[in-house]
K.L.:
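If you scroll down you'll find the structure; I have some questions about it.
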Amino acid sequence: MLTEAQFLKEVDTHVMEVLRDDGVYRHIRFREPGTMMQHFDLITWPGYLCYCGDMGTFVFTRLEDMFQFFRTDRRGSDRLYINKSYWSEKLIAVDGHRDGGKAKEFSADLFKNAVNRYRIDWIRTTKERGWLDKEQRRELWEDVDNTVLYRLVDGEHYAMTAAYEFTHRVGGHEFSFQDLWDHTLTEYTHRFVWCCYALAW
């Protein structure tokens with residue numbers, strides 16, 4: 001996940017250029033002089049703010065003057081304050097260039113963590129109750145690796161399908177991934193977090 005320090009390093013040489021400043025009608029560009037690398041524009045009109053640049057396009061709506069909505073200097077800290085959850089609720093449009101855009105995406109790491117929690121908890125239970133021996137527990141572990149986690153190379157759809165369809169039966173007991181949808185398996189995209197830091201900056 002992008003940190004404030006990483007973001008600040010990436011915009012260290014950026015300068016601000018005011019292209020329009022007419023009440024809530026604004027167009028402001030931020031970039032390193034002579035390049036468009038990691039540049040971004042902020043465009044506002046009544047009730048809206050559009051962030052666009054190398055990290056995509058994000059359009060927010062909430063207040064008449066959206067600069068007021070994103071002001072973070074009133075928090076009395078030198079740190080950049082961002083509120084990904086609340087700010088993402090105010091999104092009305094997202095574009096991420098040719099690959100499409102979104103504020104959140106499937107996380108392979110969160111998926112692995114959820115799958116591992118399921119199988120570790122179940123293996124502990126079977127060990128405590130004497131249901132499975134060491135070899136049977138190892139077989140379950142490998143079956144999950146080979147049938148479910150292996151599908152992550154094919155993407156979210158295949159991994160989730162493999163998890164929902166997975167069943168391991170041994171010694172009169174059955175293991176499956178029930179209620180996997182209750183787990184948070186998405187995280188904010190790098191582009192959206194970069195946008196949030198840019199807005200606070």
K.L.:
Enter the distance from Asp95:CG to Cys52:SG here, rounded to the nearest 0.5 Å.
P.N.:
10.0 Å
K.L.:
With a 3.5 Å cut-off and no angle check, do the side chains of Tyr118 and Asn116 form a donor-acceptor pair?
P.N.:
no
K.L.:
If we only count heavy atoms from C-beta on, is the Thr186 to Ser107 side-chain gap below 4.5 Å?
P.N.:
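No - every pair of side-chain heavy atoms lies 4.5 Å or more apart.
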K.L.:
Taking C-beta and beyond as the side chain, do Lys127 and Arg137 meet within less than 4.5 Å on heavy atoms?
P.N.:
yes
K.L.:
For Arg191 versus Gly56, what's the shortest heavy-atom pair and its separation?
P.N.:
NH1-N, 3.6 Å
K.L.:
Under 4.0 Å between a side-chain nitrogen and a carboxylate oxygen: does that hold for Glu128 and Arg124?
P.N.:
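No, Glu128 and Arg124 are not salt-bridged.
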K.L.:
Ring centres of Trp45 and Tyr48 under 6.0 Å apart?
P.N.:
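Here the rings of Tyr48 and Trp45 have centres that are less than 6.0 Å from each other.
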K.L.:
Which atom names give the shortest non-hydrogen contact between Val148 and Ala159, and what distance separates them?
P.N.:
CG1-O, 4.3 Å
K.L.:
Name all residues meeting the salt bridge (charged side-chain N to carboxylate O under 4.0 Å, His left out) criterion together with Arg29; count only those two or more places apart in sequence or in a different chain, and write none if there are none.
P.N.:
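Salt bridge (charged side-chain N to carboxylate O under 4.0 Å, His left out) check on Arg29 returns Asp41.
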K.L.:
Do the ring centers of Phe177 and Tyr164 come within less than 6.0 Å of each other?
P.N.:
no
K.L.:
With a 4.5 Å heavy-atom cut-off, do Arg20 and Tyr25 have their side chains touching?
P.N.:
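They are in side-chain contact.
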K.L.:
Are side-chain heavy atoms of Val193 and Lys84 found at a separation under 4.5 Å?
P.N.:
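Of all side-chain heavy-atom pairs linking Lys84 with Val193, at least one is under 4.5 Å.
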K.L.:
Answer yes or no: are there more than 12 heavy-atom neighbours, outside Met1 itself, under 6.0 Å from its atom CE?
P.N.:
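Check passes, neighbour count above 12.
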K.L.:
Using the six-membered ring wherever Trp is involved, compare the ring planes of Trp122 and Phe175 and label them parallel, tilted or perpendicular (cut-offs 30° and 60°).
P.N.:
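Tilted: the ring planes of Trp122 and Phe175 meet at 30° to 60°.
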K.L.:
Give a yes or no on whether Gln178 atom CD has more than 12 heavy-atom contacts from other residues, nucleotides or ligands under 6.0 Å away.
P.N.:
no
K.L.:
Is any side-chain heavy atom of Phe67 closer than 4.5 Å to one of Ile28?
P.N.:
yes
K.L.:
If you take the centroid of each ring, where Trp contributes its six-membered ring, are Phe30 and Trp201 closer together than 6.0 Å?
P.N.:
yes
K.L.:
Any side-chain heavy atom of Leu185 within less than 4.5 Å of one from Met160?
P.N.:
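Counting from C-beta outward, Leu185 and Met160 do come under 4.5 Å.
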K.L.:
Taking the six-membered ring for Trp and the full ring for Phe, Tyr or His, determine whether the centres of Phe69 and Phe60 are under 6.0 Å apart.
P.N.:
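Ring centroids of Phe69 and Phe60 are no less than 6.0 Å from each other.
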K.L.:
Would you say the side-chain atoms of Gln136 and Trp131 include a donor-acceptor pair closer than 3.5 Å?
P.N.:
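No pair is found: no donor N or O on one side chain lies under 3.5 Å from an acceptor on the other.
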K.L.:
Taking all non-hydrogen atoms of both residues into account, name the closest pair between Leu2 and His190 and its distance.
P.N.:
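In terms of heavy atoms, the two residues are closest at CD1-CE1, 3.7 Å.
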K.L.:
Less than 6.0 angstrom separating the ring centers of Trp87 and Phe58, yes or no?
P.N.:
no
K.L.:
Apply salt bridge (charged side-chain N to carboxylate O under 4.0 Å, His left out) to Asp133 and Arg138, showing your working.
P.N.:
CA-CA 9 Å; Asp133 59 30; Arg138 185 187 61 78; over 6 Å; no
K.L.:
Around atom NZ of Lys104, are there more than 12 heavy atoms from other residues, nucleotides or ligands closer than 6.0 Å?
P.N.:
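Enclosed.
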K.L.:
On a heavy-atom basis, which atom in Gln38 and which in His14 lie closest, and how many Å separate them?
P.N.:
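For Gln38 versus His14, the nearest heavy atoms are O-NE2, 2.8 Å.
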K.L.:
Locate the shortest heavy-atom distance separating Thr13 from Pro33; write the atom from each residue and the value.
P.N.:
O-CD, 3.5 Å
K.L.:
A side-chain contact here means heavy atoms from C-beta on lying under 4.5 Å apart; do Thr126 and His173 qualify?
P.N.:
no
K.L.:
So Tyr197 and Glu10, do their side chains get closer than 4.5 Å, heavy atoms only?
P.N.:
no
K.L.:
Would Arg151 and Asp154 pass as an ion pair if we require N to O under 4.0 Å?
P.N.:
yes
K.L.:
Is it the case that the side chain of Thr35 and the backbone of Glu32 share a donor-acceptor pair, with hydrogens and angles ignored and the cut-off at 3.5 Å?
P.N.:
no
K.L.:
What pairs with Asp65 under salt bridge (charged side-chain N to carboxylate O under 4.0 Å, His left out), at least two apart in sequence or on another chain?
P.N.:
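Testing Asp65 for salt bridge (charged side-chain N to carboxylate O under 4.0 Å, His left out), a comparison that skips the adjacent residues, returns Arg26.
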K.L.:
Around atom CZ of Phe166, are there more than 12 heavy atoms of other residues, nucleotides or ligands at under 6.0 Å?
P.N.:
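Atom CZ in Phe166 is crowded, with more than 12 foreign heavy atoms closer than 6.0 Å.
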K.L.:
State, to 0.1 Å, how close Glu187 and Leu110 come at their nearest heavy-atom pair, and which atoms those are.
P.N.:
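So the two residues come closest at CB-CD1, 4.4 Å.
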K.L.:
Determine, stepwise, if the pair Leu180 / Phe111 fulfils side-chain contact (heavy atoms from CB on, under 4.5 Å).
P.N.:
CA-CA 9 Å; Leu180 188 60; Phe111 178 81; 4.0 Å; yes
